[in-house]
Amino acid sequence: MKTILIENARLLVTMDDTRREITGGSLLIRNDKIVSIGDLTGVDADLRIDASGCVVTPGLVNTHHHMFQTLTRAVPGGQDAALFGWLQTLYPIWARMGPEDIRISTLLGLAELALTGCTMSSDHLYLFPGGAKLDDSIAAAQETGMRFHATRGAMSIGESEGGLPPDSLVEGEQSILEDCVRVVDRFHDPSPEALIKVALAPCSPFSVSRDLMREAALLARDKGVMLHTHLAENDEDISYSMANFGCRPGQYAEELGWTGQDVWHAHCVKLDAEEIDLFARTKTGVAHCPCSNCRLGSGIAPVAAMRSAGVPVGLGVDGSASNDSGHMLAEARQALLLQRAGFGPEALKVREALELATRGGAEVLGRGDVCGQLTEGFQADIAIWQVDGLETAGAWDPVAALVLCGPMKVRDMLVAGREIVRSGTLQTIDGERLLRDATAATAALMR
């Protein structure tokens, strides 16, 4: 059995049920699990990692992303648009992508997340141009060694039927459901410690039919997988729901079976008090994406009210064409600032923002019993942060410094006890080659 000892940490931030923070603590890993934490003086191990001067946290968890977008950051024409106009600018570019673009873009998105301390990420792939499949993004995740929730998205209502996406990017609904069965059967690992899980994720209520939303919910429960979509993202979203469905998005979701512990919705910027109560009662999760919401001018999600009511909330970086970054600590900082700007200085505390980025995200993704904490028996998904550099010089509280003084790159990062980042360098993939491939792929899309 391989053992790893992370020792001499300036501070271990456990995020356990008592929110312990251990000064000078150490942590012992055996294979993929944490087996001991605290004062481990005299303990031997196959590999010792000196965490002197570092804060050690659970790996960060990203609950919403569109990694296929990583090759289309900062695109002219979409830089200053709201959601619907932004989509109409990007759809024609995404339509020119193919399987290798999806693989490279996903690999690039995961590499960026890994270098900034993220150990587990969801990914919402809802278009499949040029013969691309969900398989292409899963292959990229397997290459990195990160924990990955691949969601099989879909769009079925094109421009000719009053939808936003070009007809070339939509699929027939029967084909969508058949491929959902295929990818779940082929890739989904139901075990608690799984590296790869699959969820079903029709893109949004305005890009698929009522029937597909309902059928996807029935299929997901039959297969024992989770459900994900966009909901109540901005004012246009609310207007569309009222005009086309005669109700608000939360009511629409409830009617079609899209509430419960096995469901998480992205954004939820415009949930009202009744919808927040619905989500709290049903334990329906929310992926809060503050940077993207700011970038698209969508508004400030009522995260403080959600948390107070008992809604499970995690953080998401969202697609790299609407963020245009993939840094979870930056997302935690933005969440903190937005809640305080919108709802007052007590709306969200610093450690609560970090909690959203760790155990909060794990709970939203249904992994709260094995991930998101530094606790004995939990998976060894761990981020080690150097906090004695220029960025944090002068900081009195090293934990608060992670959120307030960053963003910073992670020094070391492990997933299931495997080193993914060591001394700030990717270990499982060739970063220089990835950069060359991504640069070439972007140039080809621009041409």
Side-chain angles (χ1 to χ4, degrees), residues 63-68 102 121-128 131-139 141 147-158 161 163 165 169-192 194-232 241 244-245 247 249-268 278-279 282-287 312 364-367:
T63 61
H64 185 64
H65 208 322
H66 305 293
M67 293 187 189
F68 74 90
I102 300 298
S121 181
S122 168
D123 183 39
H124 190 185
L125 180 59
Y126 56 80
L127 47 80
F128 302 90
K133 297 180 180 179
L134 192 68
D135 312 42
D136 303 313
S137 59
I138 291 174
R147 215 173 288 278
F148 193 63
H149 284 235
T151 72
R152 206 301 183 180
M155 298 188 295
S156 63
I157 301 177
E161 296 182 0
L169 287 178
V170 302
E171 303 172 86
E173 296 193 346
Q174 186 58 39
S175 297
I176 290 167
L177 292 169
E178 289 172 359
D179 196 56
C180 285
V181 172
R182 181 189 69 84
V183 295
V184 170
D185 288 348
R186 180 173 179 183
F187 294 110
H188 179 68
D189 183 347
S191 65
L195 288 178
I196 303 292
K197 286 187 177 289
V198 176
L200 305 187
C203 181
S204 64
F206 56 80
S207 60
V208 300
S209 72
R210 182 188 298 262
D211 287 342
L212 184 60
M213 291 290 286
R214 184 181 289 108
E215 289 299 319
L218 292 171
L219 177 59
R221 273 142 195 161
D222 179 63
K223 290 289 186 180
V225 300
M226 294 186 73
L227 288 163
H228 182 52
T229 194
H230 299 86
L231 200 78
S241 184
N244 289 273
F245 311 133
C247 62
Q251 295 168 300
Y252 186 68
E254 182 181 30
E255 177 189 334
L256 298 179
W258 277 75
T259 55
Q261 288 182 303
D262 57 351
V263 182
W264 85 104
H265 294 286
H267 303 298
C268 298
L278 167 66
F279 278 32
T282 57
K283 296 303 177 186
T284 304
V286 170
V364 165
L365 293 182
R367 308 298 286 274

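FYI, the numbering just counts along the sequence from 1. All values derive from a computational prediction rather than experimental measurement. The analysis underlying the following values was restricted to heavy atoms, covering all of them including side chains, and did not include hydrogens, waters or symmetry mates.
Qualifying salt bridge (Lys or Arg N to Asp or Glu O under 4.0 Å) partners for Asp185, counting only residues two or more places apart in sequence or in other chains: Lys223. Residues forming a side chain to side chain contact (heavy atoms under 4.5 Å, CB included) with Glu255 (at least two apart in sequence, or on another chain): Arg210, Arg214. Contacts of Arg186 classified as side chain to side chain contact (heavy atoms under 4.5 Å, CB included), with partners at least two apart in sequence or in another chain: Asp135, Arg182. Legend: residues meeting salt bridge (Lys or Arg N to Asp or Glu O under 4.0 Å) with Asp136, ordered by chain and number and at least two apart, are absent. Remark: Ala232 engages Ile238, Pro249, Lys270, Leu271 in a side chain to side chain contact (heavy atoms under 4.5 Å, CB included) (not counting sequence neighbours). Looking at residues two or more places apart in sequence or on another chain, you find a side chain to side chain contact (heavy atoms under 4.5 Å, CB included) between Ser207 and Met155, Cys203, Ser204. With sequence neighbours excluded, no residue forms a ring-ring contact (aromatic ring centres under 6.0 Å, His included) with His65. The side chain to side chain donor-acceptor pair (under 3.5 Å) check on Glu215 picks up nothing, with sequence neighbours excluded. The side chain to side chain donor-acceptor pair (under 3.5 Å) search around His149 returns Arg367, not counting sequence neighbours. By the side chain to side chain donor-acceptor pair (under 3.5 Å) test, Thr229 pairs with no residue at all, sequence neighbours left out. For the side chain to side chain donor-acceptor pair (under 3.5 Å) test, no residue two or more places apart in sequence or in another chain qualifies with Asn244.
The salt bridge (Lys or Arg N to Asp or Glu O under 4.0 Å) pairs that include a residue from residues 259-268 are Arg221-Asp262, where partners are two or more places apart or lie in different chains.
Counting heavy atoms from C-beta on, the side chains of Asp189 and Leu195 never come closer than 4.5 Å. Met67 has its side chain within reach of Ser121: a pair of non-hydrogen atoms, C-beta onward, lies under 4.5 Å apart. Using a 4.5 Å heavy-atom cutoff, the side chains of Leu278 and Thr284 are not in contact. The closest side-chain heavy-atom distance from Tyr252 to Trp258 is not below 4.5 Å. Contact annotation: the side chain of Leu365 approaches that of Ser122 to within less than 4.5 Å [non-hydrogen atoms, C-beta and beyond]. Under the 4.5 Å side-chain criterion, counting only non-hydrogen atoms from C-beta, Val286 is not in contact with Trp264. Side-chain atoms of Ile176 and Arg152, non-hydrogen and from C-beta on, do get closer than 4.5 Å to each other. Between Leu212 and Leu177, some side-chain heavy-atom pair lies under the 4.5 Å cut-off.
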Step by step, work out the side chain to side chain contact (heavy atoms under 4.5 Å, CB included) result for His267 and His64. CA-CA 9 Å; His267 303 298; His64 185 64; 3.9 Å; yes
Working note: Val170 + Ile157, criterion side chain to side chain contact (heavy atoms under 4.5 Å, CB included); need CA distance, chi angles, decisive distance, verdict. CA-CA 6 Å; Val170 302; Ile157 301 177; 5.9 Å; no
What verdict does the side chain to side chain contact (heavy atoms under 4.5 Å, CB included) test give for Leu200 and Thr151, after you've listed the backbone C-alpha separation in whole Å, the side-chain angles of each residue and the deciding distance to 0.1 Å? CA-CA 5 Å; Leu200 305 187; Thr151 72; over 6 Å; no
Show your working on side chain to side chain contact (heavy atoms under 4.5 Å, CB included) between Val263 and Phe279 and close with a plain yes or no. CA-CA 10 Å; Val263 182; Phe279 278 32; over 6 Å; no
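Taking the six-membered ring where tryptophan is involved, the planes of His124 and His66 are tilted, since the angle between them lies from 30° to 60°.
To the nearest 0.5 Å, atoms CZ (Phe148) and CG (Asp123) are separated by 4.0 Å. From Phe128, atom CZ reaches atom OG of Ser175 across 12.0 Å, with rounding to the nearest 0.5 Å. Rounding to the nearest 0.5 Å gives a distance of 8.5 Å between CE of Met213 and CG of Leu227. Atom CD of Gln261 is separated from atom OG1 of Thr282 by 9.0 Å, given to the nearest 0.5 angstrom. One finds the CZ atom of Phe187 at 15.0 Å from the NZ atom of Lys197 (value rounded to the nearest 0.5 Å).
A pairwise comparison of heavy atoms in Val208 and Ala154 identifies CG1-O, 3.4 Å as the closest pair. Scanning both residues, Val198 and Leu134, for their nearest heavy atoms gives CG1-CD2, 4.4 Å.
Between the His265 side chain and the Ala287 main chain, no donor and acceptor come within less than 3.5 Å of each other. The backbone N or O of Glu171 sits nowhere less than 3.5 Å from a side-chain atom of Ser156 that would complete a donor-acceptor pair.
Using a 3.5 Å distance cut-off with no hydrogens or angles, the side chains of Glu173 and Ser209 do pair a donor with an acceptor.
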